[in-house]
Amino acid sequence: MAHAVLSCLHANLAALEAVLDDIDRLGVDTITCLGDLVGYGPQPNEVVELVRSRGIPTCQGCWDEDIIEGLNACECSYPSQLAERRGQLAHHWTAAQLSPDNKDFLASLPLSLRRDGLVFVHGSPNSQHEYLLPDMEAFAALERVVSAGADMLFCGHTHRPYVREFREGSIELRLRRPDSGPGQESERRMDLPVRRIVNAGSVGEPRHGGTEATYVIHDGDRDTVEIRQVPYDVERTCRAILAAGLPPPFAWRLRHGFEYAERADDASHVCER
Amino acid sequence: MARWALLSGLGGDLDVYEAVLADLRRRRVDTLFLLGDLIGPERDCRPLLERLQHPRRGELRAHCIYGWWEEQLLAERGYRGERRAEALRRESGEDAVQALLRAVDPGLMDWLAALRFGFVELDCALLHGSSADVGDSLGSATDPLCLLDRLTRMDVNRLFTARSGEQFSVALCGGGITARVRDLEGERQLRQSVPSRQVIGVGRGLQYTLYDPGTDHLDFRTAPDPARVRRRGFA
Ligand SMILES: [Zn+2]
Ligand SMILES: [Zn+2]
């Protein structure tokens, strides 16, 4: 059965509506959302309410957590100081806009969802703030999947969709204990399982270089993952960003599909928060 | 050549510490690392902690970090924000928390609070658990993928850990993995080898480890039990 996975809606109503239309048109009726419903964008209440009204199972994103808990992200959540300052502006604006009821909803979201061998998280199973980038050290990335008990791990947070498969993995090791005399070390080889990480990209704040909203459709029966790109009315969202008094770069980068220096560049960084 | 002694889990027992120090004599050790769990709930920890702060003449000064027991105590005494000794409470109940509070005089807290989480020396990380958590218990039966992850997080070749109390060394010595990525730019594939790295459990109490960073030589040792030595002395 095919199901759709979305992430990082970021209060962009036009993008969310376009993606839901696309999903409906394809006849897919199971949807999972990986969080970051709010932040950056101009319609936090509208987006939260649309997700709630459609009854979409959702896990909590880094922005959703920060809006509830107050800003406690470690510095690795922002790739630059400028990005951090703009992010804080958006944080305060969003916190002021969100209705108490919608805040309660964000606070109630689980950190992960699980369906059969599929595990859904925002950043990584360790933290909503950890980036699983496509070029992260392969063993460390696979460890995230295995330790979560997942055959396939769905994540978001990087805003760039990808599918990464780990195959033909093995680790050979030599074990020594106090009682093993010289030359009596035991050797062992462990074959690693085949596993996949699927990053759902971003509906409302894409950073893949284009302006389209991105999400994925996984078909368990055919064992396929399709990365979907959906055009939407970008201008509608840009106008609303400027009208709300949010930082203009949030509008530029949606309009031009710039990555705009707001992505984490250190693939090996592990958030130790 | 430099030679390290690595110990842990003294649980406030000065006799055990002295037994290890005695065992170290004539072993040409020049650096002593004490990887946490200096304290414990079983006895008054003051004599040991004072000795660690003021070694006797000619005695090595131990480089100490905090371990799981210090973390519990620091949390319970309000040094960790909102957190309390929840892990200890969950595992052993309220009595254990009270015993720990009785075992360590509040006047010793500032010294304990100033202890570091770990040391990085040369290409070695010296931690109580791992950088994932001070309570992360790594042993010879731990999933190698997890060991590799803990090494990767610290970006070191040798990770010395103490939490499990086990003396062991797991050397990663071969293997690899193929990762294929598909995104909107296309598809690419990369084969990566397992780096030659090692996780070493240093033991606890009388069981400790000698390490020579110049030759990479490891020696798992057990100091003679001070209780038995004493009994023999009186016989
Ligand atoms: Zn996001
Ligand atoms: Zn995020």
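Just so it is clear, the structure is predicted and the values come from calculations on it, not from any experiment. Note on naming: letters A, B, ... go to the chains in the order of the sequence lines (proteins, then strands), and numbering restarts at 1 for each one.
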Legend entry - Modelled atom types, side-chain donor and acceptor of B:Arg204 and B:Ser8, under 3.5 Å: no

Inset, instruction - Verify whether one side chain among A:Glu65 and A:His122 offers a donor that lies under 3.5 Å from an acceptor in the other. - result: no

Inset, instruction - Examine the side chains of A:Tyr215 and A:Asp22 and answer whether a donor and an acceptor come within less than 3.5 Å of each other. - result: yes

Inset, instruction - Quick one: which of B:Asp143, B:Leu145, B:Val181 has the most heavy-atom pairs under 4.5 Å with chain A, could you say? - result: B:Leu145

Inset, instruction - Please look at B:Glu166 and chain A and tell me whether the side chain, the backbone, both or neither of the residue comes under 4.5 angstrom of a heavy atom of that chain. - result: side chain

Inset, instruction - State whether a side-chain donor-acceptor pair under 3.5 Å links B:Arg3 with B:Thr31. - result: no

Inset, instruction - Check whether A:Arg188 gets within reach of chain B through its side chain, its backbone, both or neither, counting any heavy atom under 4.5 Å. - result: side chain

Legend entry - chain A interface, residue from B:Leu172, B:Asp183, B:Leu184 that has the most non-hydrogen pairs under 4.5 Å: B:Leu184

Legend entry - Heavy-atom contact with chain B under 4.5 Å, split by part of A:Thr214: side chain

Legend entry - Side-chain donor-acceptor contact under 3.5 Å, B:Tyr79 with B:Asp110: yes

Legend entry - Heavy-atom pair count under 4.5 Å with chain B, highest-scoring of A:Ile197, A:Asp191, A:Leu192, A:Leu175: A:Leu175

Inset, instruction - Please state whether the side chain, the backbone, both or neither of B:Arg221 comes within less than 4.5 Å of a heavy atom of chain A. - result: neither

Inset, instruction - Sort A:Ile171 into side chain, backbone, both or neither according to what part of it lies under 4.5 angstrom from a heavy atom of chain B. - result: both

Legend entry - Side chain B:Arg197, main chain B:Leu147, donor-acceptor under 3.5 Å: no

Legend entry - Which of A:Asn199, A:Val225, A:Val146, A:Leu173 touches chain B most, by non-hydrogen pairs under 4.5 Å: A:Leu173

Legend entry - Per-residue contact mode, A:Gln229 against chain B (heavy atom under 4.5 angstrom): side chain

Inset, instruction - Would you mind checking which part of B:Gln189 comes under 4.5 Å of any heavy atom in chain A, side chain (CB onward), backbone (N, CA, C, O), both or neither? - result: side chain

Legend entry - Contact winner vs chain A - B:Ser196, B:Ser193, B:Gly176, heavy-atom pairs under 4.5 Å: B:Gly176

Legend entry - Geometric class of the A:His3/A:Phe154 ring pair [parallel <30°, tilted 30-60°, perpendicular >60°]: perpendicular

Inset, instruction - State whether A:Arg144 and B:Asp149 are salt-bridged, where the test is any N-O pair (Lys NZ or Arg NE/NH1/NH2 against Asp/Glu carboxylate O) under 4.0 Å. - result: yes

Legend entry - Side chain / backbone / both / neither for B:Leu190 at chain A, heavy atoms under 4.5 Å: neither

Legend entry - Donor-acceptor side-chain pairing of B:Gln192 and A:Glu137 below 3.5 angstrom: yes

